[in-house]
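This report concerns only the one structure given below.
The figures that follow rest on heavy atoms only: side chains count, while hydrogens, waters and symmetry mates do not. Everything numeric here is computed off the predicted structure, so don't read it as measured data.
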Amino acid sequence: MHREPNRKVARTPRLARYFLIGLAVYLVVVYGVMPNVDRHEAQRHPDLVAGEHVTHTSTGMPGDPLDIALVGSQAEVIRALTAAGWRPADALTFDSSVRIAVDTVMDRPDPAAPVSSLFLDGRKQDLAFEMPVGHSPKQRHHVRFWKSPQPTEDGLTLWMGSATHDTRVELSHRTGQVTHHIDAKVDAERDLLVAGLQQANAVKEVTWIAGFQKMLQGKNGGGDPWFTDGRLPVVRLKAAP
């Protein structure tokens, strides 16, 4: 006797195949396409495309290069940097300048030593942080941040930053003034800062922009050489609880 095929059994492999195809499309979109969309949107911000990529001194000379960007509120930036072991730097005043000079000569720590002012689009830094190295302010990690006047596409604040490693205090190669000299490997300082924020569990996402820096080497206002691979990490911080 001829028996009709079991249509329910025949449909089961087909439904399973459709499910697997749909799952594959979902995974490609969510984990492949969407991150690239977010990356493209991040790169469209004017400060990440056409803005200045090198800071300037008060006299208009080229300063340190921009090498990191943060996305988040000012409170989130301060909380993230503090959690990663950085401390806000004091404002540069006559008293703080005398203090750092004395601390340098006496070889004693100054975890809030001031940093000199650098300018981006004619504005000095909005925030500055440092992390001491050893017992003297002669050596330290430090970073300056400038608040972008234009928010990101999702309404958040973008902070353009310049992180460098002070290695010693000597006379400037250009002006003859007493100044900190930096390590030429600015990428190492950039990577140190990103890694520290990640270890402090303060990072939601990191997007790397290749070719951000068109000049891969230069000299800052103190005459110190620097070089970079040109990449810029855009670090989206976790929202405040």
Side-chain angles (χ1 to χ4, degrees), residues 26-45 47-48 64-90 109-115 120 125-135 137 139-148 150-166 182-183 185-210 212-213 228-241:
Y26 167 80
L27 293 175
V28 169
V29 171
V30 172
Y31 294 99
V33 176
M34 292 307 298
N36 289 325
V37 171
D38 292 340
R39 186 176 298 111
H40 178 67
E41 290 179 352
Q43 294 179 12
R44 286 196 307 219
H45 191 284
D47 285 347
L48 301 177
D64 301 329
L66 298 179
D67 51 15
I68 189 171
L70 302 183
V71 178
S73 68
Q74 179 169 325
E76 289 163 354
V77 171
I78 295 174
R79 186 180 67 253
L81 269 291
T82 302
W86 297 71
R87 295 293 178 266
D90 286 344
D110 188 350
V115 299
L120 186 66
Q125 68 270 5
D126 296 292
L127 298 173
F129 299 85
E130 64 185 273
M131 181 187 296
V133 177
H135 299 287
Q139 296 187 39
R140 61 181 178 178
H141 306 286
H142 75 279
V143 59
R144 301 174 177 88
F145 288 106
W146 291 261
K147 180 181 179 180
S148 173
Q150 181 170 327
T152 62
E153 290 192 350
D154 49 1
L156 300 177
T157 303
L158 178 71
W159 302 82
M160 302 302 295
S162 175
T164 54
H165 179 201
D166 288 337
I182 67 168
D183 190 331
K185 301 184 290 293
V186 293
D187 290 349
E189 196 70 1
R190 170 200 70 190
D191 297 342
L192 173 74
L193 178 52
V194 173
L197 292 173
Q198 290 174 324
Q199 292 172 3
N201 196 29
V203 176
K204 180 179 179 181
E205 180 186 24
V206 180
T207 301
W208 290 85
I209 299 179
F212 170 80
Q213 279 290 351
T228 175
D229 61 14
R231 297 186 304 150
L232 180 83
V234 181
V235 182
R236 186 175 291 265
L237 300 175
K238 289 186 176 179

Quiz item: Going through the checks in order, is the side-chain contact (heavy atoms from CB on, under 4.5 Å) test met by Met160 and Leu48?
Solution: CA-CA 9 Å; Met160 302 302 295; Leu48 301 177; 3.8 Å; yes
A side-chain contact here means heavy atoms from C-beta on lying under 4.5 Å apart; do [X] and [Y] qualify?
{"X": "Ser73", "Y": "Thr157", "value": "no"}
{"X": "Val186", "Y": "Pro65", "value": "yes"}
{"X": "Arg236", "Y": "Leu156", "value": "yes"}
{"X": "Leu70", "Y": "Leu197", "value": "yes"}

Quiz item: Judged by atom type as modelled, is there a donor-acceptor pair below 3.5 Å linking the side chain of Arg144 to the main-chain atoms of Leu127?
Solution: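 Absent.
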Quiz item: Within the distance-only criterion (no hydrogens, no angle test), does the side chain of Gln198 pair as donor or acceptor with the backbone N or O of Val203 below 3.5 angstrom?
Solution: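 Such a contact is absent between Gln198 side chain and Val203 backbone.
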Can you tell me how far the [atom1] atom of [X] sits from the [atom2] atom of [Y], to the nearest 0.5 Å?
{"X": "Leu192", "Y": "His165", "atom1": "CG", "atom2": "NE2", "answer": "9.0 Å"}
{"X": "Phe145", "Y": "Gln74", "atom1": "CZ", "atom2": "CD", "answer": "11.5 Å"}
{"X": "His141", "Y": "Asp183", "atom1": "NE2", "atom2": "CG", "answer": "10.0 Å"}
{"X": "Thr207", "Y": "Leu232", "atom1": "OG1", "atom2": "CG", "answer": "10.0 Å"}
{"X": "Thr82", "Y": "Arg87", "atom1": "OG1", "atom2": "CZ", "answer": "6.0 Å"}
{"X": "Glu76", "Y": "Ile78", "atom1": "CD", "atom2": "CD1", "answer": "10.5 Å"}

Quiz item: Are Asp229 and Arg190 within salt-bridge range, i.e. N to O under 4.0 Å?
Solution: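 Salt bridge flag = yes for Arg190 with Asp229.
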If you take all heavy atoms of [X] and [Y], which pair is closest and at what distance?
{"X": "Asn201", "Y": "Lys238", "value": "OD1-NZ, 2.6 Å"}
{"X": "Ala89", "Y": "Glu130", "value": "CB-OE2, 3.4 Å"}
{"X": "Ala84", "Y": "Gly196", "value": "CB-O, 3.6 Å"}
{"X": "Asp64", "Y": "Ser162", "value": "CB-OG, 3.3 Å"}

Quiz item: Phe212 and Asp67: side-chain contact (heavy atoms from CB on, under 4.5 Å), yes or no, with the steps?
Solution: CA-CA 9 Å; Phe212 170 80; Asp67 51 15; over 6 Å; no
